[in-house]
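As a basis for the values below, the full set of heavy atoms in this structure was taken, side chains included, without hydrogen atoms, waters or symmetry mates. The chains referred to below are lettered A, B, ... by the order of the sequence lines, with proteins before strands, and numbering in each begins at 1.
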Amino acid sequence: MAQKPSIPKGTRDFSPAEVTKRDYIFDTVKRQFEIFGFQPIETPSFENFETLMGKYGDEGDRLIFKILKSGDFISKVDDVTYSSKKSNSLMPKISDKALRYDLTVPFARYVVMHQNEIDFPFKRYQIQPVWRADRPQKGRFREFYQCDADVVGSDSLLQEVELIKLYDAVFTDLKLEGVKIKLNNRKILAGIAEVIGVKHLLVDFTVALDKLDKIGEEGVRKEMLEKGISEQSIEKLTPLFHLTGGSLVQLESLKLLLEGSEEGLKGVEELIFVVQTIQKLGLKSASLAIDVTLARGLNYYTGAIFEVSAPEGVAMGSIGGGGRYDDLTGIFGMKNTSGVGISFGLDRIYLVLEELALFPEDIKESIQVLCVNFGDRESMAALQLVSQLREKGVKADLYPSSAKMQKQMKYAHNRNVPYVILIGAQELEEGSFVVKDMKQGNQKSYSLQAPEEFLKTL
RNA sequence: GUGGUUGUAGCUCAGCUGGUUAGAGCGCUGGUUUGUGGUACCAGAAGUCGCCGGUUCGAACCCGGUCUUCCACCCCA
């Protein structure tokens, strides 16, 4: 009985055409990473259980894929734990490894373990798959690639500026115009919470504020009330909902609002520096804007927060994000190491490029030349020509069997092969080969002695 | 994790209130065309109706479970 093949929920196969397009994005991103001075590292696909657990909050722990221990692990669990049926206490007894959930925590682990061999500031990039036991939706998978660039060991605000320039450079190379880079600062959020007297509810406060563009001002007020924030406090936020003008104007208004909060004002100063510096340097295709409601990934960010959204008109969540974390390596015992990083959502960028038809035409070609197979004698000559072309770096192939001409032509057509070479009995006698241009439809004859004449036209 | 949604030929989908042999378009194979693809015409192959169970004389259709898809929440790339 044949088994019906299937793949797990939230995972995908990639066809040759898809891999080619994904590689185009990977290569573009990698090139810019290296141009900006980042170095690649890789870490294992699974880590020790304790390395990952507790780093992403309760919600994150739930989404981590755990790997079962080997051997007869159940028999080693004591009866009390076993009969308690509590997943939390049972988990460490049956699992001691887990699949990588993101690239940031493994990177922190890497930095701490290799601190003696690293020259700081350390700029690294990493492009590897990560796994989350999430419920899949469009653009959300259980296995997907993350693509991170981080700098550790420098608290200079120039790094924030550099990372914004890096975003711009990558999206410019990908011909993706109109990307919006949104910028905020955790210190501003903390400052606002302080000023309105809800410092202890910072997370609830920011989570609610983050939803402004989704549920509107009324929705945010309602959610804040439900989370236990008083009406008077919420009332003080009113100017926040109506910030207008350019980034610098908004930051000036924020200064007034944050009077009395040292931390908040520091956050504003930081953003003013970043915005002004970017204005001096200029951006090619992306735009930068302050968004005080931005509050993603609050777990470890301490300074700047970035989020990148697709150009207007494309229904897609964020296609990148990042921020500064002053104490990421602290959890592994290495203090006072500031880091800042950004991430590209490759799978989503792929979907956006696809929707806007921005993949270059020429990456669709699998091979440049296909030789038609006319039989044993003819194909020997064809194979020799194919070898010569390959030595010149031309992607060339010979159809493996002398199938019907129609079938071979159709194969070439379906695979988008731009040139088909014909060497039949007649050509063999004349010592020539015919090249058919599949786009134009015309064909031309060349001498087998001088294939470089054909090479010139490629 | 909560609530909802989807699943019929390789692909996109039709199939009326349960009723005999389950349909279309595209694709595929062959032919018109034995040295020429994309167009046209002709013919053909291909489906355990996601899976398991139940109701019924009878289920693609109704009911339960399960897997999958997509959506909202949660969270996030």
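For rU69(B), the base has no donor-acceptor partner in the side chain of R135(A) [N/O atoms by modelled type, under 3.5 angstrom]. Looking at R140(A), its side chain comes within 3.5 Å of the base of rC75(B) through a donor and an acceptor atom. Interface remark: the Q408(A) side chain does not form any donor-acceptor pair with the rU36(B) base, using a distance-only criterion of under 3.5 Å.
Side-chain atoms of D148(A) never come within 3.5 Å of backbone atoms of S343(A) as a donor-acceptor pair (strictly under, hydrogens ignored).
Under a cut-off of 6.0 angstrom, the local environment of CG in D58(A) is sparse, with at most 12 non-hydrogen atoms contributed by other residues, nucleotides or ligands. Within 6.0 Å of atom NZ in K199(A), 12 or fewer heavy atoms from other residues, nucleotides or ligands are found, so the atom counts as exposed in its surroundings.
Two residues, R62(A) and G320(A), neighbour RNA chain B, and the one matched to the more 5' nucleotide by heavy-atom proximity is R62(A).
The phosphate of rC73(B) (OP1 or OP2) has no side-chain N or O of K211(A) nearer than 4.0 angstrom.
A centroid separation of 6.0 Å or more is found between the aromatic rings of F306(A) and Y301(A).
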Nucleotide N/O of nucleotides 37-40 of chain B paired with protein N/O under 3.5 Å:
unit_1	atom_1	unit_2	atom_2	d
rG37(B)	N7	K436(A)	NZ	3.3
rG37(B)	O6	K436(A)	NZ	3.4
rG37(B)	N1	M438(A)	O	2.7
rG37(B)	N2	M438(A)	O	2.8

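Of the P atoms belonging to rA46(B) and rG10(B), the separation is 12 Å, rounded to the nearest Å.
In this structure rU56(B) sits in no base pair that meets the Watson-Crick or G-U test at under 3.5 Å.
Among the candidates D326(A), L202(A), L294(A), the single residue satisfying the side chain to side chain contact (heavy atoms under 4.5 Å, CB included) test with R186(A) is L202(A).
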